[in-house]
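Note: hydrogens, waters and symmetry copies are ignored here, and every other heavy atom, side chains too, is used.
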Amino acid sequence: MAGLYLEEFVVGHVFHHTLRKTVTESDNMLFSVMTLNPQPLHIDFDFAAKSEWGKPLVNSLFTLGLMIGISVNDITVGTTVANLGMKETVFPHPVFHGDTIRVETSVVSVRESRSKPDRGIVEFEHRAYNQHGDLVAQCIRQAMMLKKAD
């Protein structure tokens with residue numbers, strides 16, 4: 001597996017993910033339509049042009065999914081049992097069409113499961129930045145991760 005096992009995570013380690021993504025109008029429209037989100041700030045250029053932003057905002061849930069998705073190949077592909085939750089999710093700066101997103105992930109905590117000996121829980125802090133270095137999203141995520149087979 002390309003993902004890391006529970007024993008391989010070290011508290012305080014920061015992953016600087018090399019995968020990046022430039023967000024397109026199509027990404028934003030497709031995500032908004034697929035999730036039945038009719039918010040005109042995302043899908044109505046005329047409405048958005050009259051807002052304080054002057055143009056459409058990228059759907060923040062797309063940004064959240066992209067931030068976590070970018071991290072998967074480096075740390076959790078094939079070794080995650082389940083996401084357990086996300087907290088302290090913030091979007092301090094908007095994302096617009098054409099912004100390029102990069103992500104870094106810190107390991108906040110690591111512990112073995114109290115009930116299942118083959119796994120444990122890792123708490124990650126994900127941070128996403130645009131091409132100008134502005135923090136656009138941040139969250140704490142708990143993931144149930146496999147341990148190495150004995």
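- Between Thr24 atom OG1 and Met29 atom CE the span is 11.0 Å, to the nearest 0.5 Å.
- Closest of all the heavy-atom pairs between Val103 and Met67 is CG1-O, 3.7 Å.
- Put simply, the side chain of Lys55 reaches to within 4.5 Å of the side chain of Phe96, judged on heavy atoms.
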Item to check | Evaluation steps, ring-ring contact (aromatic ring centres under 6.0 Å, His included), between Phe9 and Phe124 | outcome: CA-CA 10 Å; Phe9 289 103; Phe124 300 105; 5.4 Å; yes
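- The shortest non-hydrogen separation linking Leu6 to Ile121 is CD1-N, 3.9 Å.
- By the 6.0 Å contact criterion, CZ on Arg111 is enclosed, its count of non-hydrogen atoms from other residues, nucleotides or ligands being greater than 12.
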Item to check | Verdict with reasoning, His13 to Phe15, per ring-ring contact (aromatic ring centres under 6.0 Å, His included) | outcome: CA-CA 7 Å; His13 182 81; Phe15 295 88; 4.4 Å; yes
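- Using a 4.5 Å heavy-atom threshold, the side chains of Met145 and Thr76 count as touching.
- Between Leu64 and Thr89 there is a side-chain heavy-atom pair separated by less than 4.5 Å.
- The pair Glu123-Arg141 does not count as a salt bridge, with every side-chain nitrogen at least 4.0 angstrom from each carboxylate oxygen.
- Neither side chain, Gln142 nor Asn83, offers a donor N or O lying under 3.5 Å from an acceptor on the other.
- Here the OG-CG distance, from Ser32 to Asn59, works out to 4.0 Å after rounding to the nearest 0.5 Å.
- Counted by atom type alone, Arg127 and Ser106 present one or more donor-acceptor pairs between their side chains at under 3.5 Å.
- Salt-bridge formation is not detected for the pair Lys87/Glu125: no Lys NZ or Arg NE/NH1/NH2 atom is positioned less than 4.0 Å from an Asp or Glu carboxylate oxygen.
- Considering every non-hydrogen atom in both Tyr5 and Glu8, the closest pair reads N-OE1, 2.6 Å.
- A donor-acceptor pair shorter than 3.5 Å can be found between the side chains of His126 and Thr105.
- Nearest heavy-atom pair, Ser71 versus His17, reported as atom, atom and distance to 0.1 Å: CB-NE2, 3.5 Å.
- For Glu104 against Val14, the heavy-atom pair with the smallest separation is CB-CG1, 4.3 Å.
- Shown here for Leu57 and Pro94, the closest heavy-atom pair between the two residues is CD2-CB, 3.5 Å.
- When side chains are defined from C-beta on, Asp99 does not count as touching Val58, because their heavy atoms never get closer than 4.5 Å.
- Relative orientation of the Phe45 and His97 rings is tilted, given thresholds of 30° and 60° on the angle between their planes.
- Side-chain contact check for Leu61 versus Phe31: some heavy-atom pair is nearer than 4.5 Å.
- Here the side chains of Val23 and Ile101 are in contact, with some heavy-atom distance below 4.5 Å.
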